[in-house]
Amino acid sequence: MIVYAPDAEEALRVSSPLQNSLWTGLGGDIDAGLWGLSVLLPSAEDGCRLSPDNITLLTYESSLRVMEKFYFDQVSLLVTTPLATRGLDFPNITHVFNLGIVGTAADYMHRAGRCGRIGQQVDRGGVCISILRSDEVAMLKALGEELGFEVSEMELTPEEAVTDDSPQ
């Protein structure tokens with residue numbers, strides 16, 4: 001799976017809760033590489049500015065090492081930013097999650113195209129899920145009309161909703 005966060009700060013913010021959920025809720029096994037999570041961030045040359053508070057959240061690895069681990073199924077989840085929308089070609093991606101609206105139809109197609117690719121070992125197409133605020137739904141529907149896909153909505157109950165006040 002790939003999770004696209006809007007920027008590096010958000011990628012870091014969501015990665016710790018995601019990792020905790022994977023480990024505690026799904027019984028991750030680091031030795032088997034199950035449910036591991038890596039974060040692929042833009043380099044400082046790309047304008048990435050991280051606050052010192054975020055540096056303690058994760059152990060940083062080189063981009064090449066992160067992509068290698070994901071490619072060889074040593075981690076199951078890659079959290080990244082829009083800078084990795086194009087050029088990623090991993091063989092077994094089944095799901096792409098967009099946190100927030102994707103700007104253009106081309107960007108959406110490139111992200112969605114990371115899963116369900118020709119030659120993948122999965123036996124069905126991939127799944128692309130956008131996690132949006134209610135004011136972003138109309139923009140996704142417009143992208144759907146432009147690209148020829150249908151948007152199915154699912155609204156979370158207050159108990160299911162994740163907010164900044166939710167436990168990590």
Side-chain angles (χ1 to χ4, degrees), residues 1-22 25-26 35-42 46-50 54 57-58 63 66-67 70-71 73 75-168:
M1 292 182 277
I2 296 180
V3 174
Y4 284 99
D7 54 42
E9 289 283 343
E10 186 68 6
L12 288 171
R13 192 181 77 72
V14 302
S15 60
S16 281
L18 280 171
Q19 182 69 42
N20 290 340
S21 295
L22 291 170
L26 301 174
W35 309 119
L37 177 146
S38 282
V39 180
L40 178 61
L41 296 175
D46 296 321
C48 178
R49 304 273 188 270
L50 301 176
N54 287 332
L57 292 177
L58 302 165
S63 296
V66 167
M67 290 188 292
F70 190 65
Y71 184 86
D73 295 325
V75 295
S76 303
L77 179 61
L78 180 69
V79 178
T80 191
T81 67
L83 289 174
T85 295
R86 298 177 188 211
L88 296 180
D89 192 14
F90 299 111
N92 297 314
I93 297 172
T94 58
H95 291 74
V96 169
F97 292 87
N98 294 305
L99 303 182
I101 194 68
V102 179
T104 67
D107 289 337
Y108 187 90
M109 287 297 294
H110 281 286
R111 287 187 192 186
R114 300 303 99 205
C115 62
R117 298 173 73 89
I118 294 173
Q120 283 188 332
Q121 296 174 5
V122 294
D123 59 356
R124 61 176 173 77
V127 177
C128 187
I129 298 172
S130 295
I131 301 170
L132 307 172
R133 296 183 319 261
S134 58
D135 62 319
E136 296 172 315
V137 173
M139 292 180 269
L140 183 63
K141 286 182 177 179
L143 282 174
E145 287 177 23
E146 184 177 347
L147 296 171
F149 68 85
E150 188 173 323
V151 174
S152 338
E153 289 183 63
M154 184 178 105
E155 193 165 328
L156 298 176
T157 65
E159 294 80 29
E160 297 170 318
V162 178
T163 66
D164 288 337
D165 298 330
S166 297
Q168 301 268 330

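The figures here come from the full heavy-atom set of this structure, side chains too, leaving out hydrogens, waters and symmetry mates. All residue numbers in this chain count up from 1 along the given sequence.
Residues Val102 and Asp107 approach most closely at CG1-CB, 3.5 Å, considering heavy atoms. Scanning both residues, Met109 and Leu147, for their nearest heavy atoms gives CG-CD2, 3.6 Å. Across Glu136 and Ile101, no two heavy atoms sit closer than the pair OE2-N, 3.5 Å. Annotation for Pro82 and Arg111: closest pair CG-NH2, 3.4 Å, computed over non-hydrogen atoms. Taking both residues in full, the closest heavy atoms of Arg114 and His110 are given as NE-O, 2.8 Å, listed atom of the first, atom of the second, then distance. Listed here is the closest heavy atom pair of Val79 and Val14: CG1-CG2, 4.2 Å.
Atom CG of Asn98 is separated from atom CD1 of Ile2 by 10.0 Å, given to the nearest 0.5 angstrom. One distance of note links CD of Glu155 with CG of Leu132; it measures 12.0 Å at 0.5 Å rounding. Interatomic distance, Glu153 CD to Ser134 OG, rounded to the nearest 0.5 Å: 9.5 Å.
With hydrogens and angles ignored, the 3.5 Å screen pairs no side-chain donor or acceptor of Ser38 with any backbone N or O of Val66.
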Item to check | Evaluation steps, side-chain contact (heavy atoms from CB on, under 4.5 Å), between Leu140 and Phe149 | outcome: CA-CA 10 Å; Leu140 183 63; Phe149 68 85; 4.2 Å; yes

Item to check | Pair Asp7-Thr81, side-chain contact (heavy atoms from CB on, under 4.5 Å): steps then yes or no | outcome: CA-CA 5 Å; Asp7 54 42; Thr81 67; 5.5 Å; no

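The side-chain contact (heavy atoms from CB on, under 4.5 Å) with Ser130 is formed by just one residue from the set Phe97, Tyr4, Tyr108; it is Tyr108.
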